[in-house]
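Side chains included, hydrogens not; waters and symmetry mates left out as well; all remaining heavy atoms used.
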Amino acid sequence: MKSFVIGKNDAGQRLDKFLRKAVPGLPVSLLYKAIRQKDIKINKGRCHPGDQLSEGDTLTVYLPDDLFTAKPYPFLNAGAELAVVYEDAHILICNKPQGLLVHQGDGHSPDTLILRIQRYLYQKGEWDPALEHSFSPALCHRIDRNTSGIVIAAKTFEALKILTEKIRERQVTKLYLAILHGIPQKKSGTLKGYLRKNENAGKVEVSKNPFPGGKTALTKYRIIESREGKSLVEAELLTGRTHQIRAQFAAIGHPLWGDAKYGSSRENKQLDNRQALCAYKVVFSFTGPAGPLDYLCGRSFEIPPPFGWQQSD
């Protein structure tokens with residue numbers, strides 16, 4: 001038997017979703033069976049899978065103790081290096097290095113950006129998974145493994161809920177810098193196309209016209225400077241598709257510098273196939289209330305690009 005007192009970061013969740021996170025060793029079939037048989041109670045009363053938890057509720061689970069056996073924290077095996085751009089009680093903005101996964105993939109990498117963030121907050125004493133039950137610091141969005149730059153993480157469940165909604169509603173602007181092969185004909189514009197992920201090839205297919213499985217992709221851009229057959233470009237994603245910036249610029253004949261997947265392997269071999277793409281700036285432009293995150297409205301955070309491009313005077 002185990003009891004949970006619902007805290008602020010656990011409140012507002014469905015009972016079944018909370019338990020699946022708080023007791024990862026509990027099989028889903030046993031979870032619903034235990035609820036039906038009244039082996040799980042909220043405030044000593046009967047409950048249902050969809051019941052919403054409130055702060056201060058006491059949840060009692062009458063199941064074998066071995067289901068609650070603590071497991072080693074995987075984040076303690078992650079790297080300790082973390083480039084923090086900004087941090088407060090609600091959020092953490094960091095600069096992800098190129099080559100680091102943001103989340104664990106199918107290979108269950110022991111070192112990812114979110115695991116590094118969790119290790120950092122745990123060692124600072126700001127987060128203890130044993131006390132939170134179900135909440136873990138989480139990323140509000142993601143970038144590709146080989147893209148470097150700004151990623152926003154939430155330290156609280158409320159911040160995560162607010163920011164994921166604001167990002168979905170395009171009230172958080174994310175800007176990228178890229179170096180292109182060649183010089184695009186138009187100095188600025190919006191690339192429009194249709195993208196479809198090809199799982200076997202590990203890349204996306206691009207078309208100017210709609211085609212089966214293709215999703216609309218819009219990328220706004222402006223050329224900052226061009227020289228020596230290369231162009232430094234600022235890009236803004238108006239949609240969020242896999243490899244969108246890389247695939248769309250390659251489709252107009254200007255692949256990213258260092259991107260062998262969508263460009264030329266021969267041309268990029270000397271660059272170790274390290275694509276010149278960085279999420280360098282984020283702007284919080286809320287158009288409505290953001291609760292405890294209202295203070296972020298109008299603020300922006302920026303990092304220097306890692307390419308070593310020196311703009312001409």
Side-chain angles (χ1 to χ4, degrees), residues 78-85 93-117 139-153 167 174-182 191 193 195-206 215 217 219-221 224 230-282 301-309:
E81 183 179 353
L82 187 68
V84 177
V85 177
I93 299 175
C94 58
N95 180 4
K96 185 189 83 69
Q98 191 174 53
L100 182 67
L101 287 167
V102 290
H103 288 119
Q104 290 179 310
D106 294 337
H108 301 292
S109 170
D111 188 20
T112 66
L113 180 63
I114 188 55
L115 290 176
R116 289 190 184 189
I117 290 172
L139 303 182
C140 301
H141 61 105
R142 63 179 65 194
I143 57 178
D144 291 343
R145 178 177 192 160
N146 290 319
T147 300
S148 64
I150 286 178
V151 180
I152 309 167
I167 290 171
K174 293 169 288 181
L175 298 171
Y176 294 76
L177 286 179
I179 298 177
L180 309 182
H181 282 282
L191 303 178
L195 272 60
R196 179 177 63 192
K197 192 170 183 179
N198 185 326
E199 298 288 354
N200 293 328
K203 58 191 296 186
V204 298
E205 302 166 345
V206 185
K215 295 182 179 180
T219 303
K220 185 178 179 181
Y221 76 93
I224 297 173
K230 301 192 295 284
S231 297
L232 178 66
V233 173
E234 180 186 76
E236 177 186 352
L237 295 177
L238 303 182
T239 55
R241 309 301 181 201
T242 300
H243 298 175
Q244 180 173 316
I245 292 174
R246 300 164 62 189
Q248 287 200 287
F249 278 114
I252 63 168
H254 300 285
L256 270 61
W257 196 255
D259 187 359
K261 185 181 289 281
Y262 291 97
S264 165
S265 296
R266 181 179 58 81
E267 288 181 343
N268 291 311
K269 187 175 182 179
Q270 59 180 319
L271 305 170
D272 297 323
N273 294 327
R274 297 176 68 84
Q275 65 194 33
L277 179 62
C278 174
Y280 89 105
K281 187 175 183 179
V282 62
F301 300 90
E302 184 174 337
I303 59 172
F307 319 135
W309 181 292

Going by distance alone, is a donor N or O of one side chain under 3.5 Å from an acceptor N or O of the other, for Asn146 and Gln275?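 There is no such pair between these side chains.
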Test item: [X] side-chain N/O and [Y] main-chain N/O as donor-acceptor pair under 3.5 Å:
X      : Y      : answer
Tyr262 : Ala251 : no
Arg116 : Ala80  : no
His181 : His254 : no
Lys203 : Lys261 : yes
Gln248 : Ala217 : yes
His103 : Ile114 : no
Lys96  : Arg145 : yes

Side chains of [X] and [Y]: does their closest heavy-atom pair fall under 4.5 Å?
X      : Y      : answer
Leu180 : Leu256 : yes
Thr219 : Gln244 : yes
Asp111 : Leu101 : no

How many angstroms lie between [atom1] in [X] and [atom2] in [Y], if you round to the nearest 0.5 Å?
X      : Y      : atom1 : atom2 : answer
Leu232 : Trp309 : CG    : CH2   : 5.5 Å
Leu277 : Phe249 : CG    : CZ    : 9.5 Å
Leu115 : Leu82  : CG    : CG    : 11.5 Å
Leu237 : His141 : CG    : NE2   : 11.0 Å
Tyr176 : Glu236 : OH    : CD    : 10.5 Å
Ile245 : Leu191 : CD1   : CG    : 9.5 Å

Please step through side chain to side chain contact (heavy atoms under 4.5 Å, CB included) for the pair Asn198 and Arg196, ending with a clear verdict. CA-CA 6 Å; Asn198 185 326; Arg196 179 177 63 192; over 6 Å; no
Taking Cys278 as the fixed residue, which of Thr147, Ile150, Ile303 is the one that meets the side chain to side chain contact (heavy atoms under 4.5 Å, CB included) rule?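 Between Cys278 and the candidates, side chain to side chain contact (heavy atoms under 4.5 Å, CB included) is satisfied uniquely by Ile303.
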Write down the atom of [X], the atom of [Y], and the distance for their closest heavy-atom approach.
X      : Y      : value
Ala153 : Cys140 : C-SG, 4.1 Å
Gly182 : Ser231 : O-OG, 2.8 Å
Tyr221 : Val233 : CB-CG1, 3.9 Å

Val151/Ile143 under side chain to side chain contact (heavy atoms under 4.5 Å, CB included): CA gap, chis, key distance, verdict: CA-CA 7 Å; Val151 180; Ile143 57 178; 3.7 Å; yes
Test side chain to side chain contact (heavy atoms under 4.5 Å, CB included) on Ile167 and Lys174 and set out the steps. CA-CA 9 Å; Ile167 290 171; Lys174 293 169 288 181; 3.9 Å; yes
Other residues, nucleotides, ligands: >12 heavy atoms within 6.0 Å of Lys197 NZ: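 Result for NZ/Lys197: open.
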